[in-house]
Number of protein chains: 2
Amino acid sequence: MPLHITLIEQLKNAGHRMTTTRREIIILLSECTAPITAMELLAQLKKRHRAVNKTTVYRELDFLQAQQLIHVVQFGEGHKHFELAETEHHHHLRCIKCERVEDVHVDNELRLAERQIRKKSRFKIMNHSLEFFGLCVQCQ
Amino acid sequence: MPLHITLIEQLKNAGHRMTTTRREIIILLSECTAPITAMELLAQLKKRHRAVNKTTVYRELDFLQAQQLIHVVQFGEGHKHFELAETEHHHHLRCIKCERVEDVHVDNELRLAERQIRKKSRFKIMNHSLEFFGLCVQCQ
DNA sequence: TTGACAAACGCAACTCAGTTGCATTATAGT
DNA sequence: ACTATAATGCAACTGAGTTGCGTTTGTCAA
């Protein structure tokens, strides 16, 4: 079962309306190989001849975030990037030259770090954001 | 020797002008206990009766970044935060309730992660950004 | 100390991402 | 098909960050 079908069913079952735009945005997000900004999403929709208003895109992203179906990734340059939360938790390698983003998993190492932090500072960690910047194989 | 004095001397020796505003901004940054945004910096300057133009603040931050005296920290909410680069490399714990930021050191654990990434993906890591979000002792 | 040059500055006008209020449209259940 | 309301479009707005240009100011050499 493709991921976007599951998500669409999930929303319907939770009693939410499934509009053409919402469906299209979910499909688009499920096809993304890297986190995408609101404006990039808007451009993609236009490309597919579904010219929606930017307000709608922002509101839809808010909605999907509230439903915990997507989450925010923040890179150094400033704009929020969104990706489906359904995908396994991971981190990103961002090439500073070609801007390409790869996924990477280093949670075992991080868990160690989190345990230390909890012990040392009594800070209760709920979430974290880890991004690496450097050069990908092609750009080195 | 206070940090800001060192930085001011360093800039002078490199042949850069030391204007009243530049000096004030460096001092202000050196007094910060947490990364600060451009607009916060602007507000602080106004408080000290040095009402500079926002353009100047942005240009000065660009300058200090080019001199590698400050670097950017990005939290989830969108705006760039700046802090002196002179301070030892570290990461941040950000309380999602009171917004307070604490510093934390977990580089040993991260080095392990970086080595693994280099081995697995041949990605050359130049830098990273790691922020933890959660509840500080007071807010739990 | 003064004068000259370039760096730094202020100002106004701009760009662009993101937001808000309100009127209109479309979805889902009856 | 009808209705209630969620979702949408539109226009106007906000606020961070940028740009061009004319003015001011720090530095250095005379």
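Lettering of chains follows the sequences in order, A, B, ..., and the numbering in each one begins at 1.
Mapping heavy-atom proximity under 4.0 Å, the span of DNA chain D touched by chain B runs 5' to 3' from D:dA16 to D:dT27.
Between the side chain of B:His4 and the backbone N or O of B:Pro2, no donor-acceptor pair lies under 3.5 Å. In this structure, the side chain of A:Gln140 engages the main chain of B:Arg122 through a donor-acceptor pair within 3.5 Å. Checking side-chain atoms of A:Glu131 against main-chain N and O of B:Ser129 turns up no donor-acceptor pair under 3.5 Å.
More than 12 heavy-atom neighbours from other residues, nucleotides or ligands sit within 6.0 angstrom of CZ on A:Arg50.
The one candidate from B:Arg22, B:Arg23, B:Lys54 that meets the salt bridge (charged side-chain N to carboxylate O under 4.0 Å, His left out) condition with B:Glu60 is B:Arg22.
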Give every pair of a protein N or O atom and an N or O atom of nucleotides 28-30 of chain C that lie under 3.5 Å apart, one pair per line with the distance.
unit_1, atom_1, unit_2, atom_2, d
C:dA28, OP1, A:Met18, N, 3.0

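If you check every strand for non-hydrogen atoms under 4.0 Å, B:Thr37 touches nothing.
Between B:Thr55 and C:dC9 there is no side-chain N or O to OP1 or OP2 distance below 4.0 Å. Considering only side-chain N and O atoms, A:Thr20 lies under 4.0 angstrom from the phosphate OP1 or OP2 of C:dT27.
Residues A:Glu60 and B:Asn53 each lie close to DNA chain D; by heavy-atom proximity, the contact nearer the 5' end of the strand is made by A:Glu60. For the pair A:Lys54 and A:Arg59, both in contact range of DNA chain C, the more 5′-proximal nearest nucleotide belongs to A:Lys54.
Comparing the helix axis at one end of the helix from C:dT1-D:dA30 to C:dT30-D:dA1 with that at the other, each defined from 5 consecutive pairs, gives an inter-axis angle of 30° (nearest 10°).
To the nearest 0.5 Å, atom CD of residue A:Gln10 and atom CD1 of residue A:Ile26 are 9.5 Å apart.
Ring-plane geometry between A:His128 and A:His91 is classed as parallel, the angle between the planes falling under 30 degrees on a 0 to 90 degree scale with a further cut at 60.
A salt bridge does not link A:Glu24 with A:Lys47: none of the charged nitrogens is closer than 4.0 Å to a carboxylate oxygen.
Residues B:Ile27 and B:Leu11 do not share a hydrophobic cluster, clusters being chains of Ile/Leu/Val/Met/Phe/Trp/Tyr side chains in contact below 4.5 Å.
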